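Following: one structure in structure tokens, then a few remarks.
Being a predicted model, the structure only gives us computed values, none of them experimental.
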Amino acid sequence: SFMTNSIIHQYLEPVIEKLVENMENLYLQTFSNQDIEISKFFHSINEITNELARDATTVLLERKDYDLCKNGQLQREGYTLKDYRSRTLTTTYGAVTFMRSYWLDSETKESFIPLDTLFLIPKRKRFDVGIRSDLAQKATMLGSYNKVAQECDFGISPTSIRNFVLEIHDELESREIDFVEKTENCPKTIYVEADEDHIKVRGGKSKFLKLVYVHEGYEEDSSGRRKLRNPWFIAGLYPGRANERLWQKVSNYITTRYGNDVTVIYSSDGGRWLQAGLDWLPNCTQVLDLFHAAQACSKITKGVDNLEWTEDKNPALLCALHGDLTGFQAIVDQSLSREDISDKQKKMIKEQALYIEEHLENLKPYDLGVTPGDSTEGHVSHCLSARCSSRPMTWSQKGIDALIMVRMMCYNGVDILDFRRKELVNTRKKLRNDRLIKLDRRKLKKYKSQNTKYHEALQVKVSTDNPRLQTLIHNI
């Protein structure tokens with residue numbers, strides 16, 4: 001409205017005048033200096049606009065606080081103005097300081113700050129939710145907590161950034177499935193691939209950091225490289241019995257997005273924790289991933305002469321892929337019969353040969369053209385190792401689970417900030433409803449108190465005149 005625009009203009013007029021003055025000074029400084037460098041000019045413009053944003057935010061927040069208090073509604077609800085207190089929040093454009101009113105509930109003596117409730121400004125937090133979400137995602141995707149803290153223009157500790165990651169983990173931990181939408185064009189076949197990384201945890205122990213991802217096959221990008229079609233990543237430690245919870249999440253994702261009629265091609269190296277997935281995946285065909293099969297065959301044929309290689313492929317691997325157990329065993333025997341072989345090498349060759357023979361059925365899908373292959377090693381390196389184990393690092397279970405979950409949410413394309421803002425809106429609705437319920441209870445209590453007083457007065461008045469009327473009033 002015209003009145004609102006006039007009020008806003010009145011409050012922002014000093015801010016606008018300051019902006020014009022700063023821009024004039026910048027213009028004069030720029031053109032009086034012939035050696036001005038363009039990046040310095042951009043930096044100066046950025047500083048001016050950030051200052052404008054801080055000043056405007058302060059003015060508008062303080063104006064809104066005034067509007068919340070001026071109509072007497074808070075006094076009617078039983079609140080008493082106690083004080084005005086300042087608050088500083090760090091935003092994307094710097095630290096903003098503003099004053100807001102501080103009220104006390106006359107009945108419960110609880111504090112109430114209308115502006116903080118309206119904008120859901122959290123207690124004892126000096127960083128805006130956008131800053132907290134942005135720094136947490138940078139720490140999980142781009143580098144260490146310390147590195148992200150050093151690159152900030154404002155002072156912040158690595159521990160604070162770690163706390164931001166833990167904060168998001170606590171909010172999203174049981175809500176991952178909420179981001180999954182049922183696909184309209186459901187494919188007949190989907191692919192599940194799984195493997196693990198090895199990380200150090202406190203106490204000097206090494207643990208599996210598990211990765212499972214579901215996708216609809218491979219496609220080529222503009223550069224000709226293969227990439228996953230519609231992938232979804234799930235990762236974490238999930239030690240011991242918690243492994244069942246990991247596969248339950250995978251199963252819930254598949255059921256929610258694709259239903260129960262889809263066929264699953266499951267590729268892994270056949271480890272113990274990976275075998276548990278067979279109980280959770282519907283209509284599943286298990287495949288031994290090609291990397292570990294090739295690795296085992298390479299160890300078997302190492303040092304063996306006079307083997308015929310076809311298209312630069314290991315002959316033992318070719319026999320295994322085609323289901324030629326006789327040819328595979330002949331190569332193993334040839335390797336074991338070498339004169340220069342040690343007992344340790346014989347033991348290793350027998351272990352690798354047993355590994356291939358146990359999974360011979362799981363290599364048939366390659367010969368039948370059922371599976372397009374896998375990319376587990378590349379994704380373990382990119383999704384897990386790049387952040388968690390490529391450099392000397394030691395983790396706590398809580399810290400690694402939080403970081404890797406937020407990292408996977410970023411890979412899954414989840415807009416974490418948008419989700420947190422929606423959650424804040426829901427929180428505001430709940431706070432508003434709680435406040436209305438509290439107000440209704442006060443009104444009801446006041447009404448009952450007044451009604452009892454009038455009832456007692458009326459009862460005293462009629463008691464001497466008409467006992468039958470007194471009985472009627474009591475029944476009413």
Partners meeting side chain to side chain contact (heavy atoms under 4.5 Å, CB included) with Arg162 (sequence neighbours left out): Tyr145, Leu166, Ser396
Contacts of Val129 meeting side chain to side chain contact (heavy atoms under 4.5 Å, CB included) (sequence neighbours excluded), chain-then-number -> Arg132, Ser133, Leu417, Arg420, Leu424
Validation row, ring centre Phe112 to ring centre Trp103 under 6.0 Å: no
Can you give me every donor-acceptor pair (side chain of residues 283-296, partner residue at least two apart or in another chain, under 3.5 Å) with its distance?
residue, atom, partner, partner atom, Å
Asn283, ND2, Asn260, O, 3.4
Asn283, ND2, Val262, O, 3.1
Gln286, NE2, Gln275, OE1, 2.6
Asp289, OD1, Phe291, N, 3.2
Asp289, OD1, His292, N, 3.0
Asp289, OD1, His292, ND1, 2.9
Asp289, OD2, Asp269, N, 3.2
Asp289, OD2, His292, ND1, 2.8

After noting the C-alpha distance and the side-chain angles of Ile331 and Thr301, does the key distance pass the side-chain contact (heavy atoms from CB on, under 4.5 Å) rule? CA-CA 7 Å; Ile331 294 174; Thr301 59; 3.8 Å; yes
Pair Asp105, Lys109 - check side-chain contact (heavy atoms from CB on, under 4.5 Å), show working. CA-CA 5 Å; Asp105 188 319; Lys109 304 304 179 184; over 6 Å; no
By side chain to side chain contact (heavy atoms under 4.5 Å, CB included) - contacts of Ile121 (at least two apart): Arg87, Leu89, Phe98, Asp116, Phe119
In this structure, is the centre-to-centre distance between the rings of Trp247 and Tyr266 below 6.0 Å? yes
Contact list for residues 397-418, test ring-ring contact (aromatic ring centres under 6.0 Å, His included), sequence neighbours left out: Phe233-Tyr411, His382-Tyr411
Knowing that exactly one of Glu216, Glu181, Glu184 qualifies, which makes a salt bridge (charged side-chain N to carboxylate O under 4.0 Å, His left out) with Arg257? Glu216
Are the aromatic ring centres of Phe127 and Phe154 under 6.0 angstrom apart? yes
Could you list all the side-chain hydrogen bond (donor to acceptor under 3.5 Å, both in side chains) pairs where at least one residue sits in residues 346-363, not counting sequence neighbours? Glu361-Lys364
Minimal non-hydrogen separation, Leu228 against Glu219, with atom names: O-OE2, 4.3 Å
Pair Thr57-Tyr93, side-chain hydrogen bond (donor to acceptor under 3.5 Å, both in side chains): steps then yes or no: CA-CA 10 Å; Thr57 301; Tyr93 44 84; 2.7 Å; yes
Evaluation steps, side-chain contact (heavy atoms from CB on, under 4.5 Å), between Phe208 and Trp273: CA-CA 10 Å; Phe208 285 168; Trp273 76 268; 3.8 Å; yes
